[in-house]
Amino acid sequence: MKTAVVTGASRGLGEAIAKQLMDKGIQVVGVARKDSAVLPSYKGLKDAGYTYQYGDLQDTAESAITFEKLAASIFSKADDTVILVNNAGVVGPIATADAYSLDELEAHLAINLTAPMLACSIFLKYAKKYNKPLVIVNVTSGAAERSVHGWSAYSTSKAGLNRYTETVALEEAEAGTGNIAIAYNPGIMDTDMQADIRSSEPENFQEVQKFKDYVTNNSLRDPMFVAGVLAGILTGEHIESGKIYAVKDYV
Ligand code: NAP
């Protein structure tokens with residue numbers, strides 16, 4: 001059975017990805033600071049189960065230990081592909097670049113960039129040790145490709161994640177391992193992150209009204225739909241390593 005580790009599975013897109021993968025018969029391990037309210041009792045296809053692993057991705061040293069333990073346990077038993085979905089993320093601090101504190105900046109980069117790079121590094125090492133196929137998905141954002149007032153940290157971390165994904169894909173292709181790395185841009189979805197964005201002050205985030213209008217215009221996608229598209233990509237015939245996939249190309 002395939003096994004997927006999904007970070008940020010407690011709610012939002014991560015929880016929806018966990019459900020959609022379990023519906024495809026893939027076993028899921030969810031990493032977050034809290035457990036999901038629904039996944040422990042969720043019934044997947046063919047008894048695909050769910051396990052919760054506590055992890056605070058802001059604490060990089062602790063995350064290294066968590067990912068090592070998870071990878072060692074999963075790869076030593078794996079009889080099929082292992083999937084790593086680096087989904088956990090934060091949008092804040094939302095403010096112009098002159099207003100960031102050291103703590104805010106460190107926390108943002110630890111969660112959005114260091115943690116996914118660390119998890120990739122550790123999972124690639126174990127994939128090679130046990131000679132098992134690994135598929136990595138890094139959840140990105142359209143903000144990686146455009147500058148947004150007040151989002152310099154977020155745009156930077158997601159742009160970095162895109163370049164990191166493309167570089168890992170290149171290295172794995174050069175080495176002929178068969179390991180795959182893709183990014184996935186989920187578009188705008190109805191999750192807690194959007195509520196965080198809407199609570200911004202206009203002086204910190206000029207586009208706040210546009211994001212409030214997304215609710216009245218019904219523009220936010222259901223995370224279950226967005227997760228279903230990703231599950232389809234992951235279980236489809238061919239995954240193009242290094243590609244930045246986007247939900248908008250599937251609607
Ligand atoms: P969300 O509803 O705010 O959920 C964020 C998830 O990340 C939660 O499960 C949370 O778990 C986890 N997380 C946050 N800080 C963490 C930490 N320190 N340690 C461990 N886990 C942590 O966000 P979402 O909208 O589902 O976003 C999921 C991904 O999609 C993110 O990478 C985001 O950048 C991307 N995205 C979202 C949108 C959108 O419109 N929502 C658009 C483009 C891209 P705990 O709080 O339980 O730890």
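No hydrogens, no waters, no symmetry mates; every other heavy atom, side chains included, goes into these values. One-based numbering, in listed order, for ligands and for the atoms of each. Counting begins at 1 with the first residue of the sequence.
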Quick check on contacts: which atoms of ligand 1 are under 4.0 angstrom from a heavy atom of [X]?
{"X": "Gly12", "answer": "2 (O), 26 (O)"}
{"X": "Gln58", "answer": "18 (N)"}
{"X": "Asp192", "answer": "2 (O), 3 (O)"}
{"X": "Ile188", "answer": "40 (O)"}
{"X": "Asp56", "answer": "17 (C), 18 (N), 19 (N)"}
{"X": "Thr140", "answer": "44 (C)"}

The side chain to side chain contact (heavy atoms under 4.5 Å, CB included) partner of Thr140 among Asn86, Ile244, Asn112 is Ile244

Looking only at protein heavy atoms, which one is nearest to [atom], and what is the separation?
{"atom": "atom 45 (P) of ligand 1", "result": "Ser10 OG, 3.5 Å"}
{"atom": "atom 20 (C) of ligand 1", "result": "Gly55 O, 3.3 Å"}
{"atom": "atom 13 (N) of ligand 1", "result": "Ala88 CB, 4.0 Å"}
{"atom": "atom 34 (O) of ligand 1", "result": "Tyr154 OH, 2.6 Å"}
{"atom": "atom 42 (C) of ligand 1", "result": "Gly187 O, 2.9 Å"}
{"atom": "atom 5 (C) of ligand 1", "result": "Gly89 O, 3.9 Å"}
{"atom": "atom 26 (O) of ligand 1", "result": "Leu13 N, 2.8 Å"}
{"atom": "atom 19 (N) of ligand 1", "result": "Leu57 N, 2.8 Å"}

Applying a 4.0 Å heavy-atom criterion (strictly less than), which segment of [X] is in contact with ligand 1: side chain, backbone, both, or neither?
{"X": "Ile111", "value": "side chain"}
{"X": "Ala115", "value": "neither"}
{"X": "Glu15", "value": "neither"}

The one among [options] that brings a heavy atom closest to [atom]:
{"atom": "atom 46 (O) of ligand 1", "options": "Lys34, Glu62, Arg11", "value": "Arg11"}
{"atom": "atom 31 (C) of ligand 1", "options": "Asn87, Asp190, Val31, Asp35", "value": "Asn87"}
{"atom": "atom 17 (C) of ligand 1", "options": "Met193, Arg33, Arg221", "value": "Arg33"}
{"atom": "atom 35 (C) of ligand 1", "options": "Leu161, Thr191, Val139", "value": "Val139"}

Over all heavy atoms of both residues, which pair between Ile182 and Ser241 is shortest? Give the atoms and the distance, please.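 That would be CG2-CA, 4.3 Å.
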
- Query: Closest approach of Ser121 and Tyr164, non-hydrogen atoms and distance?
  - Reply: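 Looking at all heavy atoms of both residues, the closest pair is N-OH, 4.0 Å.
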
For Tyr245 and Leu230: C-alpha separation, side-chain torsions, deciding distance, then whether side chain to side chain contact (heavy atoms under 4.5 Å, CB included) applies. CA-CA 9 Å; Tyr245 283 87; Leu230 177 62; over 6 Å; no

Cut-off 3.5 Å, side chains only: do Asn87 and Thr7 have a donor facing an acceptor? no

ask   = Is the closest side-chain donor-acceptor distance between Ser152 and Tyr100 under 3.5 Å?
value =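 A pair is found: one side chain offers a donor N or O, the other an acceptor, under 3.5 Å apart.
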
Aromatic ring pairing Phe75/Tyr130, orientation class (parallel under 30°, perpendicular over 60°, tilted between):
parallel

- Task: Go through Lys69 and Glu62 one step at a time and tell me if the salt bridge (charged side-chain N to carboxylate O under 4.0 Å, His left out) criterion holds.
- Result: CA-CA 11 Å; Lys69 280 188 186 157; Glu62 188 200 293; over 6 Å; no

Between Phe211 and Trp151, is the gap from one ring center to the other below 6.0 Å?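 That pair passes the under 6.0 Å test.
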
Within a radius of less than 6.0 Å around CG of Asn131, do more than 12 heavy atoms belonging to other residues, nucleotides or ligands occur?
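No - once you tally the heavy atoms of other residues, nucleotides and ligands closer than 6.0 Å, there are 12 at most.
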
Could you establish whether Ala16 and ligand 1 come within less than 4.0 Å of each other, counting only heavy atoms on the residue side? no

